[in-house]
Every structure is written in structure tokens, then in C-alpha cells.
Amino acid sequence: MATTRVRFCPSPTGAPHVGMVRTALFNWAYARHTGGVFVFRVEDTDAARDSEESYLQLLDAMRWLGLDWDEGVEVGGPHAPYRQSQRMDLYDDAVLRLLRAGHVYESFSTPEEVEARHVAAGRPPKLGYDGFDRDLTAAQRAAYRAEGRRPVLRVRMPDEDVAFDDLVRGPVVFKAGSAPDFAITRGDGSPLYTLTNPLDDALMGITHVLRGEDLLSSTPRQIVLYRALIDLGIAAGTPRFGHLPYVMGEGNKKLSKRDPQSNLFHHRDRGFLPEGLVNYLALLGWAIAPDRDVFTAQELVEAFDVRDVNVNPARFDLKKAEAINAAHMRRLAPEDMARRVVPYLHASGLVAETDFDALPVRWQQVLVAAAPLVSQRMTLLGEAPGMLGFFFAPDDAVPIEPAALAQLGPDARSVLEASLAALTVLGDAAGPGGAEAGWTASGIHDVLNAALVEGLGLKPRNAFTPLRVAVTGRRVSPPLFESMALLGRDASIRRVERLVVLPELG
RNA sequence: GCCCCCAUCGUCUAGUGGCCUAGGACACCGCCCUUUCACGGCGGCGGCACCGGUUCGAAUCCGGUUGGGGGUACCA
């Protein structure tokens, strides 16, 4: 059996779109699942809309998500180059052969003329090209050229139904005459997507075309072009097509490029894990099992088959995406989590370094130790600064939320004073001879519990909330005693002392 | 206008004629756990668009209706 060859072939226009990424993901997963080849080609034939910046973003997106490709831009391969802007001679050659064989013809009609003919004949104006130039004589063509007109080349559509078996939708039939003869070049001779996409697929031996549903109705045209390419010996056969459901936004519309949620990098900036996004995107139109929806890319690859892809459009649901991401967050090993959090800490100005390895060892240790405390409390890495910021702030400058202060009762000061008295008797660390007196989470808990809950008869909630505010500045924080243990004895005590004397207190 | 696709809880989905008085997840609401917030556990809310057929039997098959979406470019 021939090797499966699939491709991802975006146009570099604008920022990477989550719908586009989902298409890339399914192609990648299918290639990996079948042991096939994943080709990454860039379709930059529209100079007016394409940009180098967008091309770079595409690479960035694919690499970030871990969607590696076997052939294509940057890595090369037997069918290089993989940017269509560098393949123009190939297109020119194919166009010539198509024209000589009579599969395409020169068309001089302007859109305005076509429309005028429809109107004159009492037809709706927007019917599409009418085949007017199909059988122009050489003399007529010469006359048009003499007027200064430059023709586009059109493919003759057959007067018969075009059918194919869609990998996700099953049999699809387009009625004869429903697609007009279509252009494959512009008037200046430059090739259009309608030519370059199927031609490159043929040239690159693509066996399975998995793409968005928006291209479903262009499939009969591509099949007809493919027949011509087969006739010319350029294509070995027609690929199998599979049309993936849309990714929808709010309302019932395709997720718009204008919507920030459509931008992959928007989600990365907020702190999505690539694992989380890959997992969530795979859920849009596919399911790994009836009762499970958290899985790794590897598990996706093992289970993925295009034939299992759903036909319905799927709405991008940020809440669900975040929940999936949170599940992956909890799976991260402490050091892994610590490393990933650093860029977000840096972005918030909490640390000067952008990279974990550049951090002072003391802070590396704090981060790794704090990771397990916060991993199940975070949905996105972007929450890390809020969650961990108090570790990095100077003791006398920990920001204290007004709301956190406001919730404290009138006895907060006395609670803090009692805490101080209890804490100061605690040693620096758990000594070999006196474990109960060490500055550890359990040591701190025991001594505080004895002083406040048992001693003063306070409810745990009332006893520990003032301390939490003193140490972290917030009403919500990582576990208090573990945080104090990590922060260290001196820093913890200084922070409590600071709050005690704060005039705003009670 | 014409062509094509689609239709299960609010959302993502499982379901390919009997295992379905329709399963899971997110969201939401209770309760439990608990030093906050979470995690976790338990429970609840909530759906086969409609009408006909086929069949002993239909969410599943067929036809239609309605409702969405896409295409109909010298964009991709």
C-alpha cells in the first residue's frame, strides 16, 4: 500500500487562526497515525495579501504546537521549493501543456461583460461565467488581443455530474452545470489558487486532502482539473478528499479573523499550554472515546482517523478549552511547570529574567517548590503572576488587595499579634532534635493552630485569614502554611509585623 | 436564483435499528472534603428541530418541511 501523503498548505495572511490550526492538527495526526508523510507547503501566490511576518508566525505556531513536518518549508524535501511564490516556472509549464492539450481556453470576457450578458438574457446577474469564450476562433482571439485584452485561462467543465466520496461526509454529488468554467490564471498570466493548489498536490504526490468545509464546493472543479493533469501525465491519480467541519465563533458564524479568540497567539499569550490547545482543538469534530476528553498528542495520534471526524460545525468554547488546559496544567511535573511560568512572570515585571535557567537559584527553588501548590489552582499560565507574585515582592512592598483588607474583622490585629508570638518561638528549620519546633508547613500549622484555634478559640477561617492577607496580600492564595514555609521565617514574620502596624487595619 | 453541506442537553460530543426511560465532558446549581481558592467526590438541571414513511422495533434508514452554514471571484 502506498504511503499516505497529506499536507497543510496555508496562505500567509494574518495571524494564525485556530480553525486553520485545527486543520493542520488533523492532517498531522492523520499522517502520524498512518505512518505517512506530512508536507507543509505555503501558498503565497497573492502578493497583495501575503506577508513575511505572517509566514514567520505560521512557523512559530506549528513549532509551538509540536506539529512537526517531514517535507516542506525550512526543512526542504524531494519536491522543493515548498513556497508557491518560488514555483512559478512549474506553473507556467503546466499552464502551457494544459492549453496545448485543449483542457483550458483563453477567456477575454470581463466580469462586467459576463454580467451584462446575463441581464440582457433575462437571467440573474450573479450566475457566474457563461462560457462565452469557449469556442473562440483564432481570429477572434487575435482581435481581442489587438484591443489590448489579456485573457485568463479557464478550465472546461464537463456537462455531467461530478461525484466523489468524501472521507468525512460520504458520497457527494454535484449536478452537471452547477460550476462554471473557472479561471486558473490572472490576465497577467500569474497562476491562481485554483491551479496551484491541485497542481502542487499532484506534483507532491498528495494522497489525502483534508481541509476546511469551505472548500467543499470547489472540489468538483479540482477533480476536473485533476483529470486533465492525469491526462497529461502530471498527476498519478486523484487524491481522496475529506472536508473538516467549521470552527464557529459566537452566534452561528465562522470564527472571524477579527475575533481575538480566533488568534492562536492570543491564547498562547493568556497562558494556554500547547498540550491543552492541541487537546481542545482535537475535540472540535472528533472524540477519542465516549467518556474521555483529556488526552495527549501521542494518544491523539494513536487513535485518530479522519473517518471518525464529525460532520457538524463546532463552536469554539473558551470555557471548555480552559478546563481542558487546566487538566493538562495539573499533569505538569513541578519543574516543567516552573519553567513554563517564567515568561509570564517576566511579562508581569516580577522577574527580570525571561528564562528559568537565568533565574537566581533561590528563585528557581521557590518556583519548583511552589509549582505543586498552584498547579491545581490555575487554568492558564497567565495566572501565575497573580498566584506567585508575593514570593517575589519585597516584604515591605507586597501589594495588599483592598478587598482582602476590608474583609478582616476587628480582631485581626490581636490575631496577628498572637500569631507573631507563636511564630517567633519557632526555629529556622526543623532541627534534628526538635522537629516540632521547625519552620516547616506542619510545624507552622501546629504552632498557629495551638495558639489561635485552641488558645483563642477562633474558627480556623477567622484565625488564618489575617495571616493569609499579611503574607500574600490576597484573599485567595496558595496554601498558607506551605507558602510561609517556602517564604522563610524572617520574611514571613516581617510581613506579619508589617500588617500589624498598618493603620488601615481594623 | 442555482449548487453543496449540516441538524442529539446552553456548548463540545457518544450513539451507525433493539444494549437508549439517550452516555460523557464543559458550564450552571446543591452537598461533602477543607486554613482561602482550588483539586477531588456525590447529586441535580438539561437534548434526539418538525412531519410523514420503512420496520415487530428508529436518535439511528428513506422522503419532505423548517432552520442554519458555505459556494457561485482574474481571493485562498
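Computed from a predicted model, the values in this text were never measured in an experiment. Per chain, numbering begins at 1; letters A, B, ... match sequence-line order.
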Taking any heavy-atom pair under 4.0 Å as a contact, classify A:Thr219: base, sugar-phosphate, or nothing.
nothing
Anti versus syn assignment for B:C48, with syn defined as within 90° of 0
anti
cation_pi(A:Arg117, A:Phe132) dist<6.0 Å, angle<=45
yes
Classify A:Gly285 by what it touches in the nucleic acid, base, sugar-phosphate, or nothing, heavy-atom distance under 4.0 Å.
sugar-phosphate
Watson-Crick or G-U wobble mate for B:U72, both contacts under 3.5 Å:
B:G1
Go through the side-chain N and O atoms of A:Tyr30 and A:Asp305 and say whether any donor and acceptor fall under 3.5 Å apart.
no
Does A:Tyr129 have A:Arg154 sitting over its ring (NZ/CZ under 6.0 Å from centre, angle to axis within 45°)?
yes
Could you please name the partner base of B:C20, counting Watson-Crick and G-U wobble pairs only when both distances are under 3.5 Å?
none
For nucleotides B:A14 and B:G24, find the distance between their P atoms and express it as a whole number of Å.
15 Å
Just by distance, no angles: are the side chains of A:Arg468 and A:Ser477 close enough, under 3.5 Å, to form a donor-acceptor pair?
yes
Could you tell me if A:Ser190 and A:Arg186 have a donor-acceptor pair between their side chains, going purely by distance under 3.5 Å?
yes
Pairing nucleotide - B:A38, Watson-Crick or G-U, each distance under 3.5 Å
none
Nearest-nucleotide 5' precedence on RNA chain B, A:Arg169 against A:Thr465
A:Arg169
Interatomic distance at C1', B:A27 relative to B:C12, whole Å:
11 Å
Take atom P in B:G23 and the same atom in B:C9, then report the distance between them in whole Å.
14 Å
Donor-acceptor pair between A:Arg211 and A:Thr219 side chains, under 3.5 angstrom
yes
When A:Pro171 and A:Ala323 are each assigned the nearest nucleotide of RNA chain B, the 5'-most assignment goes to A:Pro171
Taking any heavy-atom pair under 4.0 Å as a contact, classify A:Arg211: base, sugar-phosphate, or nothing.
nothing
For the residue pair A:Arg7 and A:Phe40, would you count it as a cation-pi contact if the rule is NZ or CZ under 6.0 angstrom from the ring centre and within 45 degrees of the ring axis?
no
Give one of base, sugar-phosphate or nothing for A:Val172, where a contact means two heavy atoms less than 4.0 Å apart.
sugar-phosphate
For B:C29 and B:G15, measure between their C1' atoms and round to the nearest Å.
28 Å
Check whether the side chains of A:Thr379 and A:Glu322 place a donor and an acceptor atom closer than 3.5 Å, and report yes or no.
no
When the C1' atoms of B:U21 and B:G69 are considered, how many whole Å apart are they?
34 Å
Indicate, with a heavy-atom threshold strictly under 4.0 Å, whether A:Pro220 touches base, sugar-phosphate, or nothing.
nothing
Using a cut-off of 4.0 Å on non-hydrogen atoms, how would the nucleic acid contact of A:Arg474 be classed: base, sugar-phosphate, or nothing?
nothing
Remember a base hit wins even if backbone is also touched, and classify A:Glu482 as base, sugar-phosphate or nothing at under 4.0 Å, heavy atoms.
base
So A:Leu332 and A:His328, do their side chains get closer than 4.5 Å, heavy atoms only?
no
Under 4.0 Å between any heavy atoms, over every strand shown, what does A:Leu283 touch: base, sugar-phosphate, or nothing? Just pick one.
sugar-phosphate
Can you tell me the Watson-Crick or wobble partner of B:A58, both distances under 3.5 angstrom?
none
Across the strands shown, which category fits A:Val311 at heavy-atom distances under 4.0 angstrom: base, sugar-phosphate, nothing?
sugar-phosphate
May I have the step-by-step check of salt bridge (Lys or Arg N to Asp or Glu O under 4.0 Å) for A:Glu213 and A:Arg22, ending in yes or no?
CA-CA 12 Å; A:Glu213 182 185 345; A:Arg22 200 275 315 264; over 6 Å; no
Any residue of residues 186-195 of chain A with a heavy atom less than 4.0 Å from an atom of RNA chain B:
A:Arg186, A:Gly187, A:Leu192, A:Tyr193
Under 4.0 Å from any atom of RNA chain B, heavy atoms only: list the residues of residues 10-19 of chain A that qualify, in numerical order.
A:Ser11
Between which nucleotides of RNA chain B, read 5' to 3', does contact with chain A run, using atoms under 4.0 Å from its heavy atoms?
B:G1 to B:A76
Can you tell me if A:Asp181 uses its side chain to pair, donor with acceptor, with the backbone of A:Met157 under 3.5 Å?
yes
Categorize A:Tyr246 for me: base, sugar-phosphate, or nothing, with a 4.0 angstrom heavy-atom threshold over every strand shown.
sugar-phosphate
Rounded to whole angstrom, note down the C1' distance from B:C45 over to B:C2.
45 Å
Aromatic rings A:His267 and A:Phe316: how do their planes relate, parallel, tilted or perpendicular, breaks at 30° and 60°?
tilted
Taking atom C1' in both B:C62 and B:U55, what distance in whole Å separates the two?
12 Å
Hey, does A:Leu215 reach any base, or is it just sugar-phosphate, or nothing, if we go heavy atoms under 4.0 Å?
base
I'd like to know if the side chain of A:His118 pairs up with that of A:Asp130 as donor and acceptor (distance under 3.5 Å, no hydrogens or angles considered).
no
So what's B:G67 paired with, Watson-Crick or G-U wobble, going by both distances under 3.5 Å?
B:C6
In whole Å, what separates the P atom of B:A76 from that of B:G67?
35 Å
Quick check on A:Glu53: does its CD atom have over 12 non-hydrogen neighbours (other residues, nucleotides or ligands) under 6.0 Å away?
no
Assign A:Asn310 to base, sugar-phosphate, or nothing according to its heavy-atom contacts below 4.0 angstrom with the strands shown.
sugar-phosphate
Taking any strand in view, what nucleotide pairs with B:A27 in a Watson-Crick or G-U wobble way, both distances under 3.5 Å?
none
What is the nucleic acid contact for A:Leu127, judged by heavy atoms within less than 4.0 Å: base, sugar-phosphate only, or nothing?
base
